[in-house]
Amino acid sequence: MSVAKDWNKYLPKIPENVPMVLSHDGKLFPKWLSDWQTYHSPIRKFKLQGKRQTEFKTYKNKYNKKTRYMGIANLKRADVETRWTKAMVEEWKKCRDDIHYFAREYCAIVHVDHGTIKINPRQFQDEMLDAMLGNRFTQFLLSRQLGKTTVVGVFIAHYIVFNRDKNVAVLAHKNKMAAEILDRIKKIIEFLPDFLQPGIQEWNKGNISFDNGCDIGAFSSAQGGIRGESIALLYVDECAFVPGFEEFWKGTWPVISSGRKSKVIMTSTPNGMNHYYTRWKAAKAGQSNFFPYETIWKDVHDRMYDNNGLYDHGVHWKAEQIGASSVEDFSQEHENQFLGTSGTLINGYKLTKLISHEPIYEDDDKVFKKFVEPDPSRKYIITVDSAQGKAQDYSAFTVFDVTSYPYDQVARYRNNKISYLLYPSVIMKYAIEYNSAWVLIELNDVGYSVAGELYTHLEYENVICESMNDLGMKQGRRSKAIGCNTLKDLVEKDFLILRDEDTINELYSFIEHRNSWEADPDSENPHDDLVMTLVIFAYLTTWEQFQDYTENNNRVGADIFRSEIEDNLEEYEPFAMIDNGIEDESFTTFDDLYFRN
């Protein structure tokens, strides 16, 4: 898989007397926007004519209605005979063999100020064309407002013109979005001169067909997508925003992979750490058959100039965008940062900073992972979430070192096949290994049985009880809300170290849903069992008796609050001024102020 650079010959030649500056990517660019526009993005008018057939590069037989589809001047109907000359054949071959030439000379857009003009592909758009041309499967990570639909439209138009009997599917989240993309493609095809334009058989909102056997259809993922269709090229627009993508892909992939030359193009801006993030990460690591290509806002070089037309490395444009939204929005939409699924419990920026550790030990089934060996001098707590063991939800527990701040995830267990009848013996095994750790069990439907078996029959005494009546804690709306809010503070304020990759991955899709916090049902792996062990632990830290299990005087709520105040005041001189009626000023430290009665 590769990206060629056939477009280098189209780079402009800039006179030596033009003032230049060094750009963010180490290249020289004109100091003034006017010079950049003159040499990099000149306005090239595009006009078709219907009188001089020998000037075939701009000719449409638009005044002969017998040759027009439905009487539309720019559309040639199917099966109209073309009288080919040697020059026409050579030009046709040149366009076929050089998509960059085809784009520059024959593809046009309607500009709001200048009318119909020829396309001037930017460098990254040329690279995108090469990526799509040279690879069967391509995945693009693109910031907003880059003109991606135009460049993909050019590629699809080229694919249709120079192939036979190929079906193309344009897929978007909604029918309206898919139809809008199809309209862009139709505009490019509509402006092609007669010698390049295939004859039109059908031309409507959702489908266009040509006399060379090719077809382009617009589809919505919400309505079943392209199941049952025979597709040679699939384009998925804003793939990160397609809900239930994995289910859609299961039905689509067999259709695409059945061919040996079929192609898939995916484009999107980030939308949290969902299916697109997972696929992007795999493509970047060389673990999938998709070729990855990324570009950000800086690659639109006219954004690198201020309002006076002076090159400023994009400072002015970036400030304007952040001012109209936020730093986080700008990072995601223009700098391609995956900042967590929309509405995650843990702040998206913090999620990107969580780094998993390799376990120092895994059992044969890889359900138990140990990150830190037990230390006889330290205190441990295990929080437990239980399941039926029918290969659906997981039974899970996490082992925490609670000796001091920050609390530390030292081990974890997750298994969706173990029976709840055997689960207590596993809990006891690792609880004993970690210095007879205290154990808190959530009392859901099978949690009662797990807690009863552990305490009564296995006679493990270090079971934490929320009340005199229960061997564990009952998870209700209030306790879950407190646990989630406390967990957010523990993680974001670095009071809790998370080491396990599966736990961190669950946090990526742990979102607010139906007035609660739970796994995103549209995520690739909609489970939150390990996260719930964190929520149980976070809730436990708010109990007054929590100090009894840690044998220290840590008060999580107060400590987090104090830490937050100190962080906020670090930017200022830590003193307070007190007016006692005397002319000279008195000073006191923050600590004196904080603890004063």
Side-chain angles (χ1 to χ4, degrees), residues 1 124-125 128-129 131-132 135-153 155-156 168-182 184-185 216-227 229 231-257 262-285 287-296 332-342 348 508-509 520-526:
M1 296 189 292
F124 73 86
Q125 291 174 320
M128 287 178 66
L129 289 173
M132 290 182 279
N135 303 282
R136 275 191 72 188
F137 308 111
T138 47
Q139 181 176 2
F140 295 96
L141 186 63
L142 308 169
S143 61
R144 294 281 183 201
Q145 302 166 357
L146 289 181
K148 66 175 173 62
T149 306
T150 297
V151 71
V152 174
F155 179 80
I156 292 176
V168 176
V170 175
L171 185 93
H173 174 31
K174 297 179 181 178
N175 276 325
K176 181 181 178 182
M177 295 167 63
E180 288 175 356
I181 297 166
L182 184 60
R184 296 281 190 94
I185 301 169
I216 309 176
F219 300 87
S220 164
S221 62
Q223 296 182 349
I226 60 171
R227 287 178 183 267
E229 300 286 339
I231 301 300
L233 169 61
L234 171 64
Y235 170 50
V236 186
D237 179 60
E238 290 296 352
C239 184
F241 295 83
V242 175
F245 177 82
E246 293 303 329
E247 188 63 29
F248 155 76
W249 192 245
K250 287 177 184 177
T252 302
W253 178 244
V255 178
I256 297 297
S257 59
S262 51
K263 286 177 171 283
V264 177
I265 301 165
M266 294 181 181
T267 62
S268 193
T269 51
N271 185 32
M273 294 174 177
N274 60 4
H275 58 271
Y276 204 71
Y277 167 76
T278 304
R279 292 180 177 281
W280 176 255
K281 189 166 64 170
K284 290 287 286 184
Q287 298 170 349
S288 80
N289 49 9
F290 276 81
F291 177 84
Y293 181 88
E294 179 180 7
T295 192
I296 62 171
Q332 177 159 287
E333 296 193 357
H334 295 288
E335 295 188 325
N336 296 344
Q337 297 297 310
F338 290 96
L339 298 182
T341 303
S342 178
Y508 290 159
S509 57
D520 182 356
D522 292 325
S523 67
E524 184 178 0
N525 188 27

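Note that the structure is a prediction, hence the values are computed from the model and not measured. Along the sequence shown, the residues carry numbers beginning at 1.
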Could you walk me through whether Trp280 and Tyr276 pass the ring-ring contact (aromatic ring centres under 6.0 Å, His included) check? CA-CA 6 Å; Trp280 176 255; Tyr276 204 71; 7.2 Å; no
Students often mix this up, so state it plainly: with edges at 30° and 60°, are the rings of Trp249 and Phe245 parallel, tilted or perpendicular? parallel
Yes or no on side chain to side chain contact (heavy atoms under 4.5 Å, CB included) for Leu141 and Phe338, after CA distance, side-chain angles and deciding distance? CA-CA 10 Å; Leu141 186 63; Phe338 290 96; 3.7 Å; yes
Any heavy-atom pair between the side chains of Phe219 and Leu234 that's under 4.5 Å? no
Ala172 and Ala178 have their tightest heavy-atom pair at CB-N, 3.6 Å
Around atom CZ of Arg144, are there more than 12 heavy atoms of other residues, nucleotides or ligands at under 6.0 Å? yes
Is it true that a side-chain atom of Asp237 and a backbone atom of Thr267 form a donor plus acceptor pair closer than 3.5 Å? no
CZ of Phe290 to CE of Met266: how many Å apart, nearest 0.5 Å? 4.0 Å
Between Phe241 and Met177, is any pair of side-chain heavy atoms under 4.5 Å apart? no
Distance-only, no hydrogens or angles: does the Lys263 side chain make a donor-acceptor pair with backbone N or O of Met132 under 3.5 Å? yes
Value for CZ (Phe137) from CD1 (Ile256), rounded to nearest 0.5 Å, stands at 8.0 Å
Looking only at non-hydrogen atoms, find the nearest pair between Lys148 and Leu142 and report the distance. CB-CD1, 3.6 Å
Minimum heavy-atom distance His334-Gln145, with the two atoms named: CE1-OE1, 4.4 Å
Would you please test Tyr277 and Tyr508 for side chain to side chain contact (heavy atoms under 4.5 Å, CB included) and show each step? CA-CA 10 Å; Tyr277 167 76; Tyr508 290 159; 4.1 Å; yes
Check whether any side-chain heavy atom of His173 lies under 4.5 Å from a side-chain heavy atom of Pro243, and answer yes or no. yes
Check: Glu238 and Thr269 side chains under 4.5 Å, non-hydrogen atoms: yes
Note: Ser262 and Ile231 closest approach over all heavy atoms is CB-O, 4.1 Å
Do any N or O atoms from the side chain of His275 and from the backbone of Cys239 form a donor-acceptor pair under 3.5 angstrom? yes
I need the Ile181 CD1 to Tyr235 OH distance, nearest 0.5 Å. 5.0 Å
For the residue pair Val151 and Gln125, what are the closest heavy atoms and their distance? CG2-O, 3.4 Å
Between Phe140 and Tyr293, what is the ring plane arrangement, given parallel below 30°, perpendicular above 60°, and tilted in between? perpendicular
Exercise: identify the closest heavy-atom pair between Leu146 and Ile296: CD2-O, 4.0 Å
